[in-house]
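For reference, the structure is listed below as structure tokens.
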Amino acid sequence: MKSIRNFLKRIDESRMIIQKGSLDGIDVDCIVYLNEELEKNLQDDALLQLVNVARLPHIVKRSIAMPDIHSGYGFPIGGVAAFDFENGIISPGGVGYDINCGIRCLLTDITVYDLKDKIKDLLTRIFLDVPSGIGSDGRLKLSKNDLKRIVRKGALWAVENGYGFEENLERIESGGFIPESDFASLSEKSIDRGLNQQGTLGSGNHFLELDYVSEIFDENLASSFGLFKNQVAIMLHTGSRGFGHQVCSDYVDRFTSYNLKEKIILPDRQLVYASFKSVYGKDYYHAMNCAANYAFCNREIISFFIKKSFEKFYKTDKIGIRLLYDVAHNIAKVEEHTLDGKTKKLIVHRKGATRSFPKGHKDLTGLLKKTGQPVLIPGDMVSGNYIMVGGEKSLYESFGSTAHGAGRLLSRNQSQKVAKRKDVIKEIEKSGVFVLSQSRRTILEEIPEAYKDIENVVETVKNAGLSYPVVKLLPIGVIKG
DNA sequence: ATGTGC
């Protein structure tokens, strides 16, 4: 049998295509953004997932994957797929288990020279103040009524309850909360899991990093964003914790029995879905937004803890900690996009993909309407991270989306095997990065070698016009969950 | 990702 790989053709330096009609049940193109270097890392199973997404009903225009594509649950990680609002579908696999996993970047007024010799002490201070690790409980004890308000108000709840700052809201995607949520769509089990995990980092690839601006690519945008050379910045990567995981798990189960009952034929049993306008679809959408709001709140509360840690440590409140931006990279959103010259409402699934709206976009406000949306793309814990800006072409190419990170190269098991052969912590520290974690195993799974080269990912999305580099950040201290 | 897992 001919491998699916043989149907993949290069369009240009950054794009590859499987054309519609070339495989069974494919009425839309499959596009994957890859330079020639990253093409070598493309997994066959992830490519098959991209193709299977194209087989879902009422998919619009194309099935898309970013250069950080790798295999996920049903949909590939790095995947973007939009469905028609009137007749289309929503699928939990198109969002993933960590609903509204995302990144935020905080800026400071201090430079790397003010931090270098203190990094171990400050990072330890933060490590003590921000709960991390699998199953970790938060410092907040929430009542069921608190949770009810959190899933409705997102980051606004943190602001109203003394764990956040009002000026941050306009620097969070969607203003820090999505209105279409409904507590009634949640299971008792998810509610229980949500009660004690607010304000916690979690585990796996979630992290909290102290970085500095090492390179500036766009002086004007850097200065508009308040970025300067050698400035200390904080990158935070976390999501909706066990709460969002339970929501996804609940609805994968519900959709599975529903799809069986309706005798829906799926290209992959992990691709369960429901019509967006059906009771099932609406329930999942409302529950997913509960988890999205929970995650926006989580990142705001953790940022509050980080600010306190800095102020305690430096014994001054003049650190100038402020939010640059907070993006979601695992979410489904109702958005308007232009198709064949007409504005259409779509359900855009971004699963390991970052929104990348350019300047002038109607959903952007204030300064960001003039500059475009900041896009936060983390690499591995040594190579560093990029702050980019939304590109005009993303609207035509990828429903206003770009990559979300370096993307895994090795599976967690493979990574542990490689890492066990050497003193990984020593190697990381030799590269100038101090690392703390609740679990040695997490570090073994998260070694730099486990990830693709962030430079290739950034180059690919830049050449495709999806987003453009503004600055590069290099880590000096990392907390891994 | 996850009170990791048949």
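Remember, predicted model here, so these are calculated numbers, not experimental data. Numbered from 1 within each chain, the chains take letters A, B, ... in sequence-line order.
Among the atoms of the strands shown, base atoms are found under 4.0 Å from some heavy atom of A:K189. Among the protein residues, A:R441 comes within range of the nucleic acid bases, having at least one heavy atom under 4.0 Å from a base atom.
Here B:dT2 presents its P atom at 11 Å from CG of A:N330, a figure rounded to the nearest Å. In this entry the distance linking NZ of A:K480 with C1' of B:dT4 reads 16 Å, nearest Å. Following rounding to the nearest Å, A:N298 (CG) and B:dT2 (C1') show an atom-to-atom distance of 14 Å. The nearest whole Å value for the distance from the CG atom in A:D98 to the P atom in B:dT2 is 6 Å. To the nearest angstrom, C1' of B:dT2 lies 9 Å from OH of A:Y97. The nearest whole Å value for the distance from the CG atom in A:N100 to the C1' atom in B:dT2 is 17 Å. Summarising the geometry, the separation between CG on A:L201 and P on B:dT2 is reported as 9 Å, rounded to the nearest angstrom. One can place OH of A:Y73 at 17 Å from P of B:dT2, the figure rounded to the nearest angstrom.
For the pair A:R412 and A:E445, nearest-nucleotide mapping onto DNA chain B gives the more 5' position to A:R412.
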Item to complete: Mind running side chain to side chain donor-acceptor pair (under 3.5 Å) on A:S275 and A:S278 for me, showing each step along the way?
Response: CA-CA 5 Å; A:S275 287; A:S278 69; 5.1 Å; no
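The 12-atom threshold is exceeded at NZ of A:K277, counting heavy atoms of other residues, nucleotides or ligands nearer than 6.0 Å. The local environment of NZ in A:K426 is sparse, with at most 12 non-hydrogen atoms from other residues, nucleotides or ligands closer than 6.0 Å.
Among residues two or more places apart in sequence or in another chain, the ring pair (Phe, Tyr, Trp, His ring centres under 6.0 Å) test is passed with A:H237 by A:H206, A:F207, A:H329. Qualifying side chain to side chain donor-acceptor pair (under 3.5 Å) partners for A:Y284, counting only residues two or more places apart in sequence or in other chains: none.
For the residue pair A:Q270 / A:N52, no side-chain donor-acceptor distance below 3.5 Å is found, with atom types taken as modelled.
One finds no salt bridge joining A:E39 and A:R5 here, because no Lys/Arg side-chain nitrogen approaches an Asp/Glu carboxylate oxygen to under 4.0 Å.
Remark: A:R241, A:G242, A:H245 in residues 238-251 of chain A come within less than 4.0 Å of DNA chain B through at least one heavy atom.
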